[in-house]
Amino acid sequence: MEVRMVRNRFAPSPTGNVHVGSLRTALYNYLFAKKMGGEFLLRLEDTDQTRFEQGAVENLLNALNQTGVIPNEGLIEINGEVIQKGDFGPYIQSERLDIYHKHLKTLLDHGQAYHCFCTKERLEAVRDSQKLAGQTPKYDGHCRNLSPEDVQSKIDEGIPYVIRLKLPENVVISFEDGVRGIIEMNTNDLDDQVLLKTDGFPTYHLAVVIDDHLMGITHVIRGEEWLPSTPKHVYLYQCFGWDAPQFVHLPNILNDDHKKLSKRQGDVSVGDFLAKGYLPEALVNYLALLGWSPEDDQEIFTMEELIQAFDLSRINKSGAVFDRSKLNWMNAHYIKELPIEILVKNLIPFIIDAGYIQVEDVENRKEWLEKIGELLRERIEYFAQAKEELTLILKNDFVVTDEEALEFLRAESTKRLYHVLVEKIEATDVLNASCGKAILKEIQKQEKIKGKMLYMPSRIMITGEMHGPDLTLIMDVLGKDEILARLISMKSIIE
RNA sequence: GGCCCCUUGGUCAAGUGGUUAAGACACCGCCCUUUCACGGCGGUAACAGGAGUUCAAAUCUCCUAGGGGUCACCA
């Protein structure tokens with residue numbers, strides 16, 4: 001048996017940001033194509049002119065590039081320039097209009113499609129009355145059997161029209177879905193779908209079938225929302241005399257309320273997540289596991305490992321709730337493993353944004369930034385949390401109001417602690433972590449102040465907080481002068 | 001409402017006729033520790049319900065219930 005090379009596609013419409021659900025669809029396509037040594041292409045479904053958004057294509061390619069889900073054919077980006085690559089183009093549907101018209105003509109010639117001159121108003125009225133009568137809204141077949149003469153004269157009169165698919169009555173259409181198995185549907189439950197719109201553009205249903213076939217697509221991996229219209233697509237393949245590809249419908253990604261993940265419940269676009277400081281590899285890793293699972297217990301995967309492990313047969317049937325806290329855990333894991341330079345590089349925009357460093361100072365404060373990086377590494381789940389975490393130790397205009405904290409400051413031993421601490425720090429050249437540690441140890445010995453009574457007051461005097469990173473690391477980050485200044489500002493409260 | 005799909009702990013999920021029904025996140029407890037966090041150890045917690053088939057059912061069949069998707073000249 002001849003084995004056709006696997007060819008996949010991701011075929012979004014150019015509307016704004018890339019939804020995480022779309023990314024997952026793209027990812028599964030990508031993983032499967034790579035696993036099978038096939039091709040993964042990007043096609044633009046821009047047949048709705050009203051939906052186009054400026055910069056959407058750049059946005060799209062950007063999201064894919066950053067997450068590593070990169071097409072090797074179709075619309076791709078090379079050196080910042082968007083081009084079309086491959087022998088099956090054009091890969092932008094609005095540039096394929098003549099192809100659709102040509103194929104539509106054969107449908108018309110075979111009586112498998114027909115002109116429909118119904119106005120939107122009439123269609124709406126029909127739908128409304130059907131709904132009122134408790135029926136399923138469906139085209140009533142008004143123009144289904146117009147004579148060729150009638151059609152021609154209406155066209156000549158310049159009456160706008162659409163072209164509809166002429167579905168046979170009471171025929172069961174079945175196909176095998178890669179995830180759900182055999183699916184059957186009766187044409188009586190299906191509508192005479194519009195294939196060509198008044199503006200001469202095809203609808204999704206026509207374009208997707210023609211393009212997938214012409215582009216040699218072997219596996220259509222797409223969202224579950226397409227399942228109900230797949231029989232129409234299957235019928236179209238039959239009309240054209242083409243073999244249908246293997247369909248694989250992915251379960252939805254859900255909100256906490258188990259509805260389709262949507263914008264109103266917070267971040268849903270890839271850009272949102274990256275902007276908050278989620279690492280692309282963590283997002284991809286998490287998404288891979290949302291609807292698919294490997295044979296073993298592995299949770300952390302590189303892209304290469306995902307490709308190796310991926311298997312269509314292990315895709316889940318039911319919808320999966322997007323669990324932010326698991327994503328956070330996974331992202332935190334990736335942050336912990338990041339080389340320090342990369343960690344700092346990711347952190348810099350957020351530290352600048354928090355106002356703790358100026359853009360022009362970044363170069364000469366590398367060492368300081370690395371200290372901060374190591375300090376934050378164990379404490380944040382995504383980079384946008386850096387600001388809050390840093391404020392804990394970098395703010396210098398704090399007022400201690402917490403009663404428990406004040407207790408520590410009022411303690412008898414704290415007076416002694418304060419003076420010795422100031423004295424010892426003044427006596428050092430530079431205050432780094434090991435030096436700070438030594439000082440605290442000496443105080444413990446000399447003044448017999450230890451444990452909580454040593455560290456808590458020290459921490460509170462220095463940061464105004466009862467919690468935070470290791471105190472000696474804080475000393476290291478703040479340095480001698482700042483620490484001293486902060487201590488001295490506490491003088492009146494202590495004495 | 002019609003049609004289609006789905007149903008294992010709070011969440012992601014393993015499981016394909018015989019298991020003490022994995023694992024991960026979250027949660028709780030203990031340990032580590034100057035605090036918080038990290039880390040380590042442990043714990044609570046699930047086969048939607050019913051009827052069949054079978055020696056045996058989370059796994060097969062049917063019914064019920066619940067949830068989701070879809071019914072556009074949007075994709």
Side-chain angles (χ1 to χ4, degrees), chain A residues 11-15 45-48 50-51 93 116 118-120 123-124 127 130-131 133-139 160-164 177 179-181 183-186 188-191 193-205 207-208 222-231 249 251-252 254 256-260 286 289-300 314 316-330 332 336 375-380 389 392 440 444 450-460 463 465-472:
Chain A
S13 58
T15 53
E45 312 228 320
D46 60 343
T47 54
D48 183 358
T50 61
R51 281 182 74 172
Q93 290 187 328
C116 171
C118 294
T119 62
K120 280 194 173 132
L123 257 20
E124 251 171 61
R127 262 199 295 272
Q130 284 169 331
K131 270 187 200 165
Q135 295 169 312
T136 306
K138 202 178 154 183
Y139 182 60
Y161 62 87
V162 299
I163 291 175
R164 287 180 183 274
D177 182 81
V179 171
R180 285 151 231 274
I183 310 258
E184 291 184 341
M185 237 179 275
N186 192 300
N188 289 350
D189 296 317
L190 263 22
D191 208 354
Q193 184 67 49
V194 170
L195 299 177
L196 191 79
K197 299 183 263 185
T198 314
D199 63 5
F201 276 67
T203 58
Y204 171 84
H205 306 281
V208 75
R222 70 210 327 183
E224 189 182 11
E225 64 271 23
W226 295 113
L227 203 52
S229 49
T230 303
H249 289 96
N252 281 142
L254 276 21
D256 292 338
D257 64 2
H258 288 244
K259 298 242 163 48
K260 230 168 132 178
Y286 176 70
L289 262 25
L290 204 57
W292 170 85
S293 62
E295 275 187 68
D296 57 16
D297 279 349
Q298 190 172 347
E299 299 261 355
I300 302 298
R314 297 189 63 84
N316 245 74
K317 288 177 168 60
S318 49
V321 173
F322 191 91
D323 184 357
R324 191 68 179 251
S325 72
K326 183 147 187 180
L327 204 217
N328 284 349
W329 165 79
M330 195 168 274
K336 289 188 185 82
L375 183 147
L376 290 178
R377 189 198 285 283
E378 301 291 318
R379 320 194 110 254
I380 59 175
E389 194 60 35
L392 234 46
L440 287 166
Q444 181 176 352
K450 56 181 178 177
K452 262 193 165 133
M453 290 315 291
L454 170 63
Y455 282 89
M456 263 306 171
S458 302
R459 173 183 296 281
I460 295 164
T463 67
E465 299 285 341
M466 297 197 24
H467 307 301
D470 184 276
L471 190 54
T472 59

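Naming: A, B, ... by sequence-line order, numbering from 1 per chain. Keep in mind that what you see is a predicted model, and the values were worked out from it rather than measured. Hydrogens, waters and symmetry mates play no part in the numbers below; they use all other heavy atoms, side chains included.
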Original post:
Along nucleotides 22-28 of chain B, 5' to 3', which nucleotides get a B, which get an S, and which get a -, given that the test is a protein heavy-atom distance under 4.0 Å?
Top reply: BBBBS--

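Contact between the side-chain N/O atoms of A/T47 and the OP1/OP2 oxygens of B/rA75 is found at a separation under 4.0 Å. The side chain of A/N316 contributes an N or O atom lying less than 4.0 Å from OP1 or OP2 of B/rA14.
Rounding to whole angstrom units, CD of residue A/E184 and P of B/rC4 are separated by 9 Å. Put simply, CD on A/E295 is 12 Å from P on B/rU16, counting in whole angstrom units. Atom pair A/R314:CZ and B/rU16:P shows a separation of 10 Å (rounding to whole Å applied). Following rounding to the nearest Å, A/L454 (CG) and B/rU35 (P) show an atom-to-atom distance of 12 Å. When rounded to the nearest whole Å, the span between CG of A/N328 and C1' of B/rU11 equals 13 Å.
By the salt bridge (charged side-chain N to carboxylate O under 4.0 Å, His left out) test, A/R51 pairs with no residue at all, sequence neighbours left out. Under the rule for a side chain to side chain donor-acceptor pair (under 3.5 Å), the partners of A/R324 that lie at least two apart in sequence or sit in another chain are A/Y278. When the side chain to side chain donor-acceptor pair (under 3.5 Å) test is applied to A/D191, no partner is found at least two apart in sequence or on another chain. For A/Y204, the ring pair (Phe, Tyr, Trp, His ring centres under 6.0 Å) partners are A/W226, A/H233, not counting sequence neighbours. A search for ring pair (Phe, Tyr, Trp, His ring centres under 6.0 Å) contacts involving A/F322 returns A/F273, A/Y286, not counting sequence neighbours. In terms of the ring pair (Phe, Tyr, Trp, His ring centres under 6.0 Å) criterion, residue partners of A/Y161 (sequence neighbours excluded) are, by chain and number, A/H115, A/F117. Taking A/K336 as the reference, A/A332, A/E378 meet the side chain to side chain contact (heavy atoms under 4.5 Å, CB included) condition, with sequence neighbours excluded. With sequence neighbours excluded, no residue forms a salt bridge (charged side-chain N to carboxylate O under 4.0 Å, His left out) with A/R164.
Nucleotide B/rC74: unpaired (no Watson-Crick or G-U wobble partner with both distances less than 3.5 Å). For B/rC41, the paired base is B/rG29 (Watson-Crick or G-U wobble, both distances below 3.5 Å).
Comparing B/rC5, B/rA75, B/rA13 by their closest approach to the side chain of A/H205 singles out B/rA75. Comparing B/rA75, B/rC4, B/rC6 by their nearest atom to the side chain of A/E45 picks out B/rA75. Taking only side-chain atoms of A/A320, from C-beta outward, the nucleotide of B/rU35, B/rC12, B/rC4 with the closest atom is B/rC12.
Annotation: B/rC55 and B/rC12 have their P atoms spaced 37 Å apart (nearest Å). Only the P atoms considered, B/rC32 is 16 Å distant from B/rA37, to the nearest whole Å. For B/rU11 and B/rA26, the C1' atoms lie 8 Å apart once the distance is rounded to whole Å. Spacing between B/rC27 and B/rC63 at atom C1', rounded to whole Å, works out to 38 Å. Separating the P atom of B/rG18 from that of B/rA57 is a span of 11 Å, rounded to the nearest Å. Separation of the C1' atoms belonging to B/rC47 and B/rC60 is 15 Å when rounded to the nearest angstrom. The same atom, C1', is picked in B/rG9 and in B/rA22; the two are 13 Å apart, to the nearest Å. Taking atom P on both nucleotides, B/rC74 is separated from B/rG15 by 42 Å, rounded to a whole Å.
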Could you list, one pair per line, each protein nitrogen or oxygen that sits under 3.5 Å from a nitrogen or oxygen of nucleotides 29-34 of chain B, together with the distance?
residue	atom	partner	partner atom	Å
B/rU34	O4	A/D470	OD2	2.7

I'd like a table of atom pairs between the protein and nucleotides 63-71 of chain B - only N or O on both sides, under 3.5 Å - with the distance next to each one.
residue	atom	partner	partner atom	Å
B/rG68	OP1	A/K259	NZ	3.0
B/rU70	OP1	A/K260	NZ	3.3
B/rC71	O2'	A/P137	O	3.4

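No hydrogens or angles were tested; on distance alone, a donor-acceptor pair under 3.5 Å links the side chain of A/T198 to the base of B/rC73. Taking only distance into account, the side chain of A/R51 meets the base of B/rC74 through a donor-acceptor pair shorter than 3.5 Å.
Under the 4.5 Å side-chain criterion, counting only non-hydrogen atoms from C-beta, A/L227 is in contact with A/R180.
Sorted by first and then second residue, the pairs that involve residues 290-299 of chain A and meet salt bridge (charged side-chain N to carboxylate O under 4.0 Å, His left out), not counting sequence neighbours, are A/E299-A/K326.
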